[in-house]
Amino acid sequence: MPPLPVLLVTGAGGVLGSTLLPDLREKYTLRVTDRVQPAGPERDQTLLGDLADPAFAAKAVAGVDAILHLAAYASPRASWPEAAPNAGITQNVLTAAATHGVHRIVLASSNHAAGLNYRQGHLPVDPAGAALPCCPYGAAKLAEEALGRLHALRTGATVISLRFGLVGWPLEERDYNAMWLSDRDASALVRAALEAGGSGVHFGVSRYAEQFWSLAGARADLHYDPVDRLPPGAEELPWSAASPCLMFDPHGAPRAAGSAQSPHLPD
């Protein structure tokens with residue numbers, strides 16, 4: 001059998017990486033990076049270091065066929081000084097990809113990049129529209145998407161940014177039903193993005209949340225077809241008493257387009 005293509009997965013030890021790696025091992029030889037040793041089989045190529053160092057980013061990228069860039073300070077509670085370095089890390093990875101001729105890149109973005117669109121009731125949110133972040137973390141992710149677009153234009157590489165919803169974490173509050181992405185659908189989405197033929201930005205949610213975040217582009221361009229709706233009991237969960245960012249309006253639950261009530265910003 002021919003050797004499997006080599007896929008670099010940055011931030012492999014995080015929640016999203018841990019969710020995706022088992023499925024990815026079926027189609028790729030994995031090179032994984034993190035600042036601490038990630039769990040995984042010995043056959044994975046493991047590099048420990050900080051992608052804020054351009055030399056380490058170049059070492060990580062050299063010789064791979066594709067990149068799945070997950071590494072980030074990933075929290076909607078992050079301050080701007082905490083979130084802003086995410087963009088610099090992404091640029092280091094993109095620069096290394098250009099140097100080493102890696103032409104297939106998937107960037108992990110977040111629906112927090114368009115969290116205010118959701119809160120204001122612009123539903124389903126169109127990833128092709130003007131995005132309004134709901135927190136510094138979302139603003140940094142939007143900057144990473146822009147860097148990806150520039151890289152694609154300059155180099156001809158395929159760069160796809162996936163605005164992931166809630167994935168890898170248990171559903172404990174009903175607010176998050178509207179952004180839930182099952183592990184199975186997340187794996188299918190990433191596989192599709194790694195095999196796609198064109199650049200773009202797409203939301204990553206499961207079937208129920210499609211009413212809030214448009215998957216029209218993901219269906220057309222990636223052939224992504226989510227299969228999961230919600231876990232049992234999700235629609236009986238309590239609403240959140242407090243939000244980590246401005247995505248959720250504490251005065252009313254967001255509704256899909258055409259409903260009697262839409263989320264609003266306070267006057």
Side-chain angles (χ1 to χ4, degrees), residues 69 72 74 76 80 83-84 86-87 90 94 105-154 157-167 175-181 185-186 189-190 192-193 196-226 243-249 251-267:
H69 178 47
W80 180 247
N86 290 343
T90 296
L94 294 172
I105 304 164
V106 175
L107 304 178
S109 186
S110 168
N111 61 351
H112 288 277
L116 285 185
N117 302 77
Y118 169 82
R119 176 171 170 159
Q120 292 176 342
H122 306 158
L123 308 175
V125 182
D126 182 355
L132 302 173
C134 57
C135 54
Y137 168 64
K141 284 298 179 185
L142 193 59
E144 293 176 65
E145 293 177 11
L147 291 171
R149 289 190 186 94
L150 287 172
H151 181 83
L153 287 171
R154 287 172 174 166
T158 295
V159 182
I160 294 176
S161 295
L162 298 178
R163 291 178 178 171
F164 288 100
L166 181 73
V167 56
D175 312 65
Y176 294 93
N177 291 357
M179 55 189 287
W180 185 69
L181 173 62
D185 285 339
L189 175 63
V190 169
S199 299
V201 177
H202 304 285
F203 286 113
V205 294
S206 286
R207 188 174 293 274
Y208 172 83
E210 186 174 2
Q211 62 188 301
F212 303 105
W213 312 93
S214 175
L215 296 180
R219 288 180 179 278
D221 299 342
L222 308 182
H223 306 294
Y224 170 59
D225 186 18
S243 174
C245 64
L246 293 177
M247 182 185 296
F248 300 121
D249 183 349
H251 304 291
R255 308 293 178 89
S259 64
Q261 178 184 351
S262 293
H264 61 278
L265 288 171
D267 296 332

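The analysis underlying the following values was restricted to heavy atoms, covering all of them including side chains, and did not include hydrogens, waters or symmetry mates. The first residue in the sequence is number 1, and the count goes up from there.
- Side-chain contact between Phe164 and Lys141 is absent, with no heavy-atom pair separated by less than 4.5 Å.
- Considering only heavy atoms from C-beta on, Cys245 stays 4.5 Å or farther from Tyr137 through its side chain.
- Counting heavy atoms from C-beta on, the side chains of Leu162 and Leu222 come closer than 4.5 Å.
- Aromatic ring orientation, Trp213 versus Tyr118: parallel (interplanar angle below 30°, classes split at 30° and 60°).
- The distance from atom OG of Ser109 to atom CD1 of Ile160, rounded to the nearest 0.5 Å, is 13.0 Å.
- Residues Val125 and Asn111 form no side-chain contact, since every pair of their non-hydrogen atoms from C-beta on lies 4.5 Å or further apart.
- Asn117 contributes a side-chain N or O that, together with a main-chain N or O of Leu132, makes up a donor-acceptor pair within less than 3.5 Å.
- The two residues Phe248 and Arg119 come nearest to each other via the heavy atoms O-NH1, 3.6 Å.
- Looking at residues two or more places apart in sequence or on another chain, you find a salt bridge (Lys or Arg N to Asp or Glu O under 4.0 Å) between Asp225 and Arg207, Arg219.
- Taking both residues in full, the closest heavy atoms of Ala186 and Val167 are given as CB-CG2, 3.7 Å, listed atom of the first, atom of the second, then distance.
- In terms of modelled atom types and a separation under 3.5 Å, the side chain of Ser199 and the main chain of Val159 share a donor-acceptor contact.
- Using a 3.5 Å distance cut-off with no hydrogens or angles, the side chains of Thr90 and Glu144 do pair a donor with an acceptor.
- In this structure, CG on Asn86 lies 11.5 Å from CG on Leu147, to the nearest 0.5 angstrom.
- A pairwise comparison of heavy atoms in Ala131 and Leu142 identifies CB-CD1, 3.7 Å as the closest pair.
- The shortest distance between side-chain heavy atoms of Pro76 and Met247 does not fall below 4.5 Å.
- Side chains of Leu123 and Gln211 form no contact here, defined as non-hydrogen atoms less than 4.5 Å apart.
- Note that the CG atom of Leu107 and the OG atom of Ser161 stand 4.5 Å from one another [nearest 0.5 Å].
- Taking the side chain as every heavy atom from C-beta outward, Asp175 and Ser243 never approach each other to under 4.5 Å.
- Nearest heavy atoms, Pro133 versus Ala139: CB-N, 3.5 Å.
- Of all heavy-atom pairs spanning Asp185 and Ser206, the tightest one is OD2-OG, 2.7 Å.
- Taking every heavy atom of both residues into account, Asp221 and Ala196 meet most closely at O-CB, 4.4 Å.
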